[in-house]
Amino acid sequence: MTELRALVGDITQLATDAIVNASNESLLGGGGVDGAIHRAAGPELLAFCRTLHGCATGAAKVSPGFRLAAKHVIHTVGPVWTGGHNGEPELLASCYRRSLELAADLGLRSIAFPCISTGVYRFPADAAAIIAVRTVRQFVTTATSLREVVFCCFSEQALGYYQRELAPLGDDTRSERSE
Ligand code: APR
């Protein structure tokens, strides 16, 4: 049984086996959560990411966590929102699915996601939350090592979208603040 839960906090502080980075196709850092993760992980992360030679939108690649509490960072590239008619929903779902597949391939037990694409890439946060929860729910129905999936929101508003999506099936939606 895999627990899905949502909280408001700084993903760089979470000690899940992996945290997911909302990166860009270069994998060479940026602002937002990407910048926060690189700052917290230290310069070794950028040096390692240079060896990955980029990542396509909707795909995911893994690196060590270096100075982070998390052992691994799964870098994924979300779609830029251009109105929803250029495959953005499917590409966003792919970010969650590929990240989960990589985590399961590594035998990880816990993973934390930021709200991928909902900042600079302007994907509507409410629609993104629905895609995120539904994609994760579908994945965890198959056998997997994952026992915990955390949706790490950065605002109470984003948390509200996840609470609405998680509540019906009784998943835990405590709005804990991470330390
Ligand atoms: N912890 C958790 N969530 C965070 C943090 C943090 N420390 N910092 C920002 N966020 C949230 C934002 O509030 C937003 O809800 O992460 C979500 C994703 O926003 P962005 O980081 O802007 O990512 P995205 O919209 O996917 O755009 C990716 O931005 O930073 C660049 O290099 C990145 O080019 C890429 C683009």
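Residue numbers run from 1 in the order of the sequence given. All ligand and atom numbering here is 1-based and tracks the order in the structure.
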### Message
The criterion is side-chain hydrogen bond (donor to acceptor under 3.5 Å, both in side chains); which residues satisfy it with Ser26, sequence neighbours excluded?
### Response
Asn24
### Query
Can Ile37 be reached from Tyr121 by stepping across I, L, V, M, F, W or Y side chains whose heavy atoms are under 4.5 Å apart?
no
### Query
Under the criterion side chain to side chain contact (heavy atoms under 4.5 Å, CB included), which of Val136, Asn21, Ile74, Val149 is the partner of Ser99?
Ile74
### Task
Could you check Val62, Val20, Leu45 and say which one makes a side chain to side chain contact (heavy atoms under 4.5 Å, CB included) with His75?
Leu45
### Query
Can you list the other members of the hydrophobic cluster that holds Ile130, where links are side-chain heavy atoms under 4.5 angstrom apart?
none
## Note on the structure
Close residues (non-hydrogen atom under 4.0 angstrom from ligand 1) work out to Gly9, Asp10, Ile11, Ala22, Ser23, Asn24, Gly29, Gly30, Gly31, Gly32, Val33, Asp34, Ala36, Cys115, Ser117, Thr118, Gly119, Val120, Tyr121, Phe154
### Query
Apart from Leu46 itself, which Ile, Leu, Val, Met, Phe, Trp or Tyr residues share its cluster (side-chain heavy atoms under 4.5 Å, direct or through members)?
Leu28
